[in-house]
Every structure is written in structure tokens, then in C-alpha cells.
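Presented below is the structure to which this report refers.
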Amino acid sequence: MLSDSTTLVSSDYTTESGSMIKVENLTKKFGDFVAVDDISFDVRKGEIFGLLGPNGAGKSTILRILSTLSSPTKGTAIIGGHDIVKNDTEVRKMIGIVSEKMIMYNRLTAKENLWFFGCLFGIPKDVLTKRIDELLELVQLTKWKDAQVGTFSTGMRQRVNVIRALLNMPQVLFLDEPTLGLDPQSSVEIREFIKKLNKENGTTIMITTHMMVDADLLCDRIAIVDHGKIVALDTSKNLKKLISGADTTVLKLEIANLVPKIIDSIRAIECVDAVSQEDDTHLRIIVHGDEAFDNVVDAVRAEDGKINAMENLQPTLEDVFLHITGHQVRDSADQKIPMGRHRRFEAPQGRAR
Amino acid sequence: MGAKSLFSHSMRIAQKDLHELSRNRLGLVMLIVMPLFMMLMVGFIYPSSGTTVSNLPIALVNEDSGYGNYTVASQAFVMGVQQINSQTGLMVLSNVSNVNDLKDMIQRGDLDGGIIIPSNFSACVMSGQQATIIIMTDQSNPQISTAIQSVLTSIFNQMGTMLAQLHVQMLNPAINGSNSLAIVQPYKVQTEGVVAGNSNYFDFVAPGILAMTVMMSVMTGLPAAISMEKEIGTMDGMMVAPINRLSIILGKTLGQTARGLLQGLIIMALAVGLFGVSIQGNILLVLGLLLLGVFSFVGLGVVITSFAKDQETAMMMMMTLMFPMMFLSGVFFPIQLMPWYMQDISKVLPLTYASDALRRVMVLGAGVPAIANDLIILIVFGAVMIAIAVPVFRKTMTR
Ligand SMILES: Nc1ncnc2c1ncn2[C@@H]1O[C@H](COP(=O)(O)OP(=O)(O)OP(=O)(O)O)[C@@H](O)[C@H]1O
Ligand SMILES: [Mg+2]
């Protein structure tokens, strides 16, 4: 996607096992609070790897450690053959990061911003000039290159932010919630851009998100992160099989007079794995076994619940998440919805947030 | 990565900071307005050269009951006072009938002070005794009160001298005027400074204010600039670049120093142009001293930056340090006049030495040898603080 002048001098940095990023027993503590809890995983060269999890799961912390912005309490990671702790300068040369906060100075123009960060990477001036022009063209910002980024819309700012991370032609790109706060149109554009970058430049991409669409549409493999641990890691398809493969079913129930007592009694049923309340009248229930359907209906009736409608749904990643962690992705974001008490996997309770 | 790339990255960061500043109109205006206010305040509140107190409302109470029926002595005294006053315009004289009224009027603030001629005035003068004059002052205003005291005392002394001269001549008519003065006042006191001209309070404070503004500007600017970048997230952009992390502090410091020096130049221009301060010493030495002052503060600024999570905390910490420093470093008030424990505190503040050295150079025209002590202390202080700051900064950046 970029011209010859800017393509990578491609030497194969990957480790023997063929992985670009190798995370080993990574742990990060903030005081007593464990934000990242002894995780290990590999990311293959040229892969788009997603970290999916609720707010506060530790996704950003993982990304910050891998991009040398934060140092691990224990463990380490090898990126392209370089240790992120011992050889951080080498790591920084081959990575790019789009972090949660946009990295740009509002009072400088798009071009000035890119120029400043490019200079810090020691890119020769003529190469840098050309590369900035190309990158701006690539995200259709050439017209705005001399306007101060403070005047840009969020979508335009994010595009500048993304190409800033590409100035040094990184082999590994870290993206922390790149579509956060963008409208659907801009989200699609950014997703397309990431895909194209991955396909045409072979860039290894690690992306965090709590948006199921991002993870579903973009990632080759997804790691589901909860409370600093990786609770599942597979392709989107395989993750969904966790539900549809087994005798697990996703039910959507509309109950006219939905009260907490009804939810409690549904939860109490043995074959119910997880319950989440979607709005005033709708429940999403993950169940297993043949009698599950009848049991749920009985439980609702026993509490004088009035069932308006009932649907059998195709499982989504969201259900996978619900199934594995016992709570919804957005549960931790706004604590209004009661947390699932029924957990398949033991997750740490009572978090210091 | 050598010193060369460290320096070039620092320059790049400093340049970026100044570029941002140049786009910030309000920031630029404040950069000029702040020192201007400071100078105006100090310049106009405190008496500057030539302008002494004048037109002070002061009342005369003549309670003289006379010698026999003669009140000649007190009348002559009053005339003398009025005559001197008409030449100097020092006071606006009025008459009040008794001491109680005078006290009343001072309490109400109608008068700044009073001159009381006691009832035995003429009697004392005529019978060859020392006569008393009472000066009544407004204690709620110590500055004015001191000014009135010293001015009136010198007027009365002058009048007393004239009277004494007259007496001497009367005793021995052969003695002429100047001889009689020598008899009455055998010593004549003459004050002379190291450099020509009179210095005033403004000459005293201007160097201190200069040192203070530049150093404070860097000391507050540095934590503000760094914690601001941490807060908005742009710090990450510099941190992921394969550059020595030292060049981030160095670059920030360079940028802030340039800003501080710019402010310093504005202050100097104002001091010279508006307030008639003359810089006796070498202007390059003055600039060099300002740079050294900045150097001595940088470490402290970096340490604070490292510990403060956000801009607000950084500012609070700076303010807490700044206030004692402003008052204890001899910028506004001579250290020699402070109680000993305060003097001890002021001895550990770098601003004390910077403003002392600057004052010697600007007011007294001192050269490097004369301020060597100050220089050494500033250099050592700066080096020690930086030696502490660098590892602290490195460690806290990747928390
Ligand atoms: N500098 C820090 N000091 C103390 N605690 C921190 C710090 N950074 C993160 N945490 C804590 O670590 C946990 C994980 O934070 P992190 O930002 O990694 O979550 P996240 O998965 O990225 O969430 P989000 O979706 O909200 O971005 C949170 O509970 C957070 O409060
Ligand atoms: Mg995050």
C-alpha cells in the first residue's frame, strides 16, 4: 500500500517458533492490585490479534507494557527477537502504537505533528517528507495537512493518530480501541485501513477493544481478557463453537413484568449458565441441556412472569463472553446491571477499582 | 546513541514546544503581561528615585502656655516649620486645637500625623532648657509613620542647628556663620555608594525580581509542560520513539529556559526603560547568571514533575515551594534583617544566591571574581539536584 521508497527492508525478525510477539508470564501490579495476572501467549507474524474484554480488564495495560511504555512487575515479552525490558530501544524501533489518548498537539498542524514525531525516529528528511505526504494521501487528509489538528473532527484526528503510528513503518502495530468514539462510517474506514495495512504490508497487529464487531470482523484470533487473565483464546469462529457446538443455547426472552425476583429464580436453575438483562423487558439467557427451555418458562411462570416473546439466537462473541465469564462485556462498564453470580470460571472477586 | 543525537532530539522537542507557544496567543500575551504587572506593582508601590513622600496631611497643635505672656518661641518655631514646608511641599499643614482632637482625626484617618508643641515649650526655651517637640504618628501605618518621623526629625534638627548657630554667634559675635556651624555640628556626614548615583528600593528589587521570574517561570513551566503532556497522552508519543529519555527532559528544559529568558529580557527592558534602573555590570554576565539560576532549579523541577501525577498536583507542589522562596530569598526584603532561623533557611535556597549575585552585578557592577561564591554554590546545587533528578525521572516514567 506504500511506495517502494517506504517499504520495509524486510528482514525476518521472528523467533524460531514463527511468532512475532511472545509473552511470557507477564504480570503487572499497581500497588496490591493485580492489573495483569501472569499471562502468556504468542502472536504470529502477520496476524491480527485481538484483546477483547470489559473496561478495566487490563487490555491497555498489556499493550502499554508490550510497547515499552510501562514496565512489567514480573515476566517479559519478546517482540521480533528483542526483549521488551532489556532491549527496549530496539523494540521501539520496530513498533508503532495508537494508544487510548490521541498522541498529537492540537496547536500544530497535521503535517507538523507528523514531522515532529517522524524526526524523533531519525528518519532521513527527504524520506520523511515523502512518507508524510503518502500517509496523508492514504487517509484522505492531504487537503487538511496545514490545518491545526485542534480544529479536526474526532474521525480526522484518529486518522492522523493512526498514520502517526505508521511513520517508522512498524512491523508490529499496537492499537488501543482505535474505533472508540467514532461514528459507524469512520469506524468502518479505520477497520478497512487496518485490514489493508495487514494484508499489503504484512504488519502484525495487536488490537484491544470491547466492541464485539471490531473483534469479529478484524481479528484472526481473539484473546478474551477478564480481570487481568486470558480466559479464552481462539479464532472468532472457534470461540462461537464453544456455545453452538455444545448443547448450549442462547435464549432471548421478553417479559412484560420483569422484576429482579424473576431474574433470581432463573439464575437459580441448574441448567442456566448466565443471565443478563438487556433492557426493561428483555433477558438474554445462556442455557444448556434439553430441559432448559421448559425449566426457564416454568421458573418465570412460577413468579407470575408474563412472557411476551421468546427467541432462539445465533451465538455472538458477546454470548461467548457471557458464557465464559458469567457477565456481560458492558457489565463492568456501567455497574447498573446485576452481575451474573453463576460462573463457569472462577474470576477474582471484589476488585479494587 | 551519542551526545549528538541526544542534543538534536532535545532541540527538536524544545523547538516543538516553542512552536506550540507561538501559536498560543493568550499564552504569549500572558508571558509579557505577567512580568509587566510584577514590575508595575513593585515599581509604583515602592518609592522609586526622586519621589519622596509629599503632601502628607499633618496637624499642628500648639499648646504653648508661654513664658510670662510671651509665646515668641513657639510662634517662631511654627513659622520655621511652615517656611521649610512651603519649600519642600512635604506636608499639608493644618491647625488643631488640642491633643485629643488630633488623636481623633488620626484614628479616623483624616491625618497621617501631628506635631505637638507642649505647654512648657516657651518656658523651656526662655529659661535656657531643652524644649521638647512631640511627633504623633499613626501606628497602623508603620511605613508612613517612619517616613514622617525621619522627615520631621531632620527638619527639627535642622531648625535646632540654626537656632544653636544663632546662640553661638550671640555669645561671640566674632565667630562667622560657617564656624558657628562647625562648633554646633563638628561632624558632617556624607554617604557615597560604590557606583555613582543614588540607589533606591527599585534598584534593590529589580535584580531579585528578574532572577525570581526567570527561575520560577522555568520551575513552574517544566512540571506543567511535562505533566500536561502526560495528561493529554502525547508523552507516550515521545516515549515510544527510540530516543534517549534524557532528551525529553533536556528538550523540555531548553524550551522552558528560552521562554523564561524571554520573560527576563522583557523585565530588564521594562526596568531600564520605565523605571530608570541602570545595569552597571556586563549584560552578558547578567544573562549568564540567569541561565545558571535556571540550571540550579531544573533538577528540582524534574523531581517534582516525576512525582506529580497530573498538572494540578504539580502546580500545587510548585506553589508550596515558591512562596517561602519568594519571601525568604531576599528578593523583596534584605536577608540581613530577618531573624536568624529564617536567615538559615534562606541559605539553602538557590534563589538567594542567584538574586544576590545578580544584584551585585546589576547594581554594583561586580565581575565574576566578586560573585564567585554565589556561582559555585549555584553550580553545586544544580549539579546535585540533577544527579538526583535523572534516575528518579527515568524510574517514574515507566511506572
Ligand atoms: N497507572 C495506574 N495506576 C493504578 N492503577 C491502574 C493504572 N493503570 C491502570 N490501572 C488499573 O488497572 C486496571 C486495568 O486497566 P486498563 O486500562 O488496562 O483496562 P482496560 O482493559 O484497558 O479498560 P478500558 O476498556 O476501560 O480501556 C484498571 O482497574 C485500572 O484501574
Ligand atoms: Mg483501555
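In what follows, every chain begins at residue 1, and chains take the letters A, B, ... in the order their sequences are listed. Values below: all heavy atoms of this structure, side chains included; hydrogens, waters and symmetry mates excluded.
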_Results of salt bridge (Lys or Arg N to Asp or Glu O under 4.0 Å) for A:K125 - residues two or more places apart only_ = none
*With respect to chain B, which residue among A:L167, A:L120, A:D88 yields the maximal number of heavy-atom pairs within a distance under 4.5 Å?*
A:L120
*At a heavy-atom separation under 4.5 Å, does A:F121 approach chain B through its side chain, its backbone, both, or neither?*
both
*asked:* Nearest 0.5 angstrom please: A:L136 CG to A:R131 CZ, how far?
replied: 13.0 Å
*Between A:D146 and A:K111, does at least one N-O distance fall below 4.0 Å, as a salt bridge requires?*
no
*Please state whether the side chain, the backbone, both or neither of B:L21 comes within less than 4.5 Å of a heavy atom of chain A.*
neither
*Measuring heavy-atom distances to chain A, does B:M235 have an atom under 4.5 Å in its side chain, in its backbone, in both, or in neither?*
neither
*Please look at A:L108 and chain B and tell me whether the side chain, the backbone, both or neither of the residue comes under 4.5 angstrom of a heavy atom of that chain.*
both
*Would you tell me whether A:S186 and A:D183 have side-chain atoms, one donor and one acceptor, within less than 3.5 Å of each other?*
yes
*Is it the side chain or the backbone of A:T109 that comes within 4.5 Å of chain B heavy atoms, both, or neither?*
both
_Is A:E100 in contact with chain B via its backbone, its side chain, both, or neither, using a 4.5 Å heavy-atom distance?_
neither
_Set of residues satisfying salt bridge (Lys or Arg N to Asp or Glu O under 4.0 Å) with respect to B:R23, sequence neighbours excluded_ = A:E112
*Side chain, backbone, both or neither: which part of B:E229 has a non-hydrogen atom closer than 4.5 Å to chain A?*
side chain
*With no hydrogens and no angle check, do the side chains of A:T208 and A:D176 hold a donor and an acceptor under 3.5 Å apart?*
yes
